[in-house]
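This report refers to the structure that appears directly beneath it.
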Amino acid sequence: MAAKRKLAENPNSELIDFLHELADYEKNVSRMIHKYNAYRKAASSIAKIDHKIQSITDIKGLEGIGKKIAAKIEQYLSTGKIKKLETNRGDETGAAINQMTRVMGIGPAHANKLVHQEKIKSIDELRSHPKRDQLLNKTQLLGLNYLEEFEQKIPRDEIKQMEIILLREITAIDNQLRAEIVGSYRRGATASSDIDVLVTHPTVAKLPSLLHKIVETLTKQFHFITDTISVGDSKFMGVCQIDTSKLHRRIDIRVFPSEQYYCALLYFTGNDQLNRHMRIVAQEQGYKLNEYSIQKVGSTGTLSKPLPVTSERDIFDYLQMD
DNA sequence: GTCTA
DNA sequence: TACCATGCGCG
DNA sequence: TAGACCGCGCATGGTA
């Protein structure tokens, strides 16, 4: 094979897209987050099937697929359409609400308000609205400003370049600092939707001021950070740019005390599915696992002190996992 | 919308 | 000013 | 058939 080939598309991708569209409508328009999750779960079950679904018997009994979704799939199989989806698509207001939620910081609640109260029907109308600056908060204005840029994936090579700068500058602030880029990048992805940085330092008391120092340095000295969305003692969320010829990117930086670092590393490397799986295994083995620690659960539900963890391996060992 | 107690 | 509820993004 | 469906840091806006 001469060049890297695009991964073969899932044989049921059209059906999966339909389910995602139904999911989005429930989340953004109906504001039923659990229905959203139900549709997503059904879609992910179907995504695991490696052949084209021919009949309803192919999916009956699959995890997350009950009566209603099965009926919709049946409709899709026989007519190529799903009534409910066609109805949703005919709802202009719903479509407008969905569009609004493309903007970072505009969720279902605010999107509904913009469309229902302000009668705003499109992103363009929002951009040119005379009261735009009163209708949106700081984060949402940033989100609107960078909307198209944030929708672009970040190539792995670009993150690699950022990694060099980040590690160099963070270490320059304090050579006891340790930092890693986690998320899909650490899982080896060829492109990511944002940059997620974890930082730790052996001296707990220093952590909050260190985060502020890191943010200040990367902002004022290097103009690497271009905007701050939020910043507290343990988490920064913002925008960065490797140089002015490149797009603006979403970046998060979190600091953890060293005893929590490896639980955080595991958690923020993900993915979601692995996290859920490990939480369940932990529970089965009599532990409680989260992004901060692993604790033993006593017979009465009492929690032990956080167990010592000095590597990700330690966590797998407690849980007897490979 | 689906699953479970 | 202090506190609280809500919205949002996130692996 | 009622209730769960992950939980947390930060911003914001409301209330006392």
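By convention in this document, chain letters (A, B, ...) are assigned in the order of the sequence lines, proteins followed by strands, and residues within each chain are numbered from 1. Keep in mind it's a predicted model, so treat the numbers as computed, not measured.
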A/Met104-A/Ile123 co-clustered via ILVMFWY side chain contacts under 4.5 Å | no
Contact pattern, 5' to 3', of nucleotides 5-12 of chain D - B, S or - by protein heavy atom under 4.0 Å = BS-SBSSS
Is A/Ser184 touching bases, backbone alone, or none of the nucleic acid, heavy atoms closer than 4.0 Å?
-> nothing
In this structure, are over 12 heavy atoms from other groups packed under 6.0 Å from A/Glu148 atom CD?
-> yes
Give A/Lys72 one of three labels, base, sugar-phosphate or nothing, depending on what nucleic acid heavy atoms sit under 4.0 Å from its own.
-> sugar-phosphate
Rounded to whole Å, the CD-C1' distance (A/Gln283 to D/dA4) equals 14 Å
Sticking with atom P, work out how far D/dC8 lies from B/dC3, rounded to a whole angstrom.
-> 27 Å
Plane angle bin for A/Phe268 and A/Phe256 - parallel if under 30°, tilted between 30 and 60°, otherwise perpendicular = tilted
Assign A/Tyr36 to base, sugar-phosphate, or nothing according to its heavy-atom contacts below 4.0 angstrom with the strands shown.
-> nothing
Distances for protein N/O vs nucleotides 2-7 of chain C N/O pairs under 3.5 angstrom?
none

When clusters are formed by joining ILVMFWY residues with side-chain heavy atoms under 4.5 Å apart, either directly or through shared neighbours, do A/Val182 and A/Val199 land in the same one?
-> no
For DNA chain B, note the earliest and the latest nucleotide, 5' to 3', having some atom under 4.0 Å of a heavy atom belonging to chain A.
-> B/dG1 to B/dC3
Sorted by chain and residue number, the salt bridge (charged side-chain N to carboxylate O under 4.0 Å, His left out) partners of A/Arg168 (sequence neighbours excluded) come out as none
Please give, in whole Å, the distance from C/dC8 C1' to A/Asn28 CG?
-> 12 Å
Can you spot which of A/Leu136, A/Leu135, A/Asn112 makes a side-chain contact (heavy atoms from CB on, under 4.5 Å) with A/Ile106?
-> A/Leu136
Same apolar cluster: A/Val231 and A/Val239, side chain cutoff 4.5 Å | no
Reckon A/Met104 touches a base, only the sugar-phosphate, or nothing at all at heavy-atom distances under 4.0 Å?
-> sugar-phosphate
What is the nucleic acid contact for A/Ile33, judged by heavy atoms within less than 4.0 Å: base, sugar-phosphate only, or nothing?
-> nothing
Whole-Å distance, A/Leu147 CG to C/dG9 C1', equals 16 Å
Mind checking A/Gly64 for me? I need base, sugar-phosphate or nothing, with any heavy atom below 4.0 Å counting as a touch.
-> sugar-phosphate
Exam field: side chain A/Ser122 to backbone A/Glu125, donor-acceptor pair closer than 3.5 Å | yes
Under a single-linkage definition using a 4.5 Å side-chain heavy-atom cutoff for Ile, Leu, Val, Met, Phe, Trp and Tyr, are A/Tyr262 and A/Val255 assigned to the same hydrophobic cluster?
-> no
When we call it a touch if two heavy atoms are under 4.0 Å apart, what does A/Arg250 touch: a base, just sugar-phosphate, or nothing?
-> sugar-phosphate
Kindly list each side-chain donor-acceptor pair under 3.5 angstrom involving residues 160-167 of chain A, sequence neighbours excluded, with atom names and distances?
| residue | atom | partner | partner atom | Å |
| --- | --- | --- | --- | --- |
| A/Glu163 | OE1 | A/Tyr185 | OH | 2.6 |

Show me the donor-acceptor pairs within less than 3.5 Å that the side chains of residues 37-49 of chain A make with the rest of the protein, sequence neighbours left out.
| residue | atom | partner | partner atom | Å |
| --- | --- | --- | --- | --- |
| A/Asn37 | ND2 | A/Ile33 | O | 3.3 |
| A/Ser44 | OG | A/Lys41 | O | 3.3 |
| A/Ser45 | OG | A/Glu63 | O | 2.6 |

A/Leu274 near the nucleic acid: base, sugar-phosphate alone, or nothing, with a heavy-atom cut-off under 4.0 Å?
-> nothing
Atom CG of A/Leu265 and atom C1' of C/dG11 are separated, to the nearest Å, by 12 Å
Expressed in whole Å, how much space separates the P atoms belonging to D/dC6 and B/dA5?
-> 15 Å
Which whole-number value in Å describes the distance from A/Glu312 CD to C/dG11 C1'?
-> 13 Å
Is there a path from A/Leu114 to A/Val29 through hydrophobic residues (I, L, V, M, F, W, Y) whose side chains come within less than 4.5 Å of each other?
-> yes
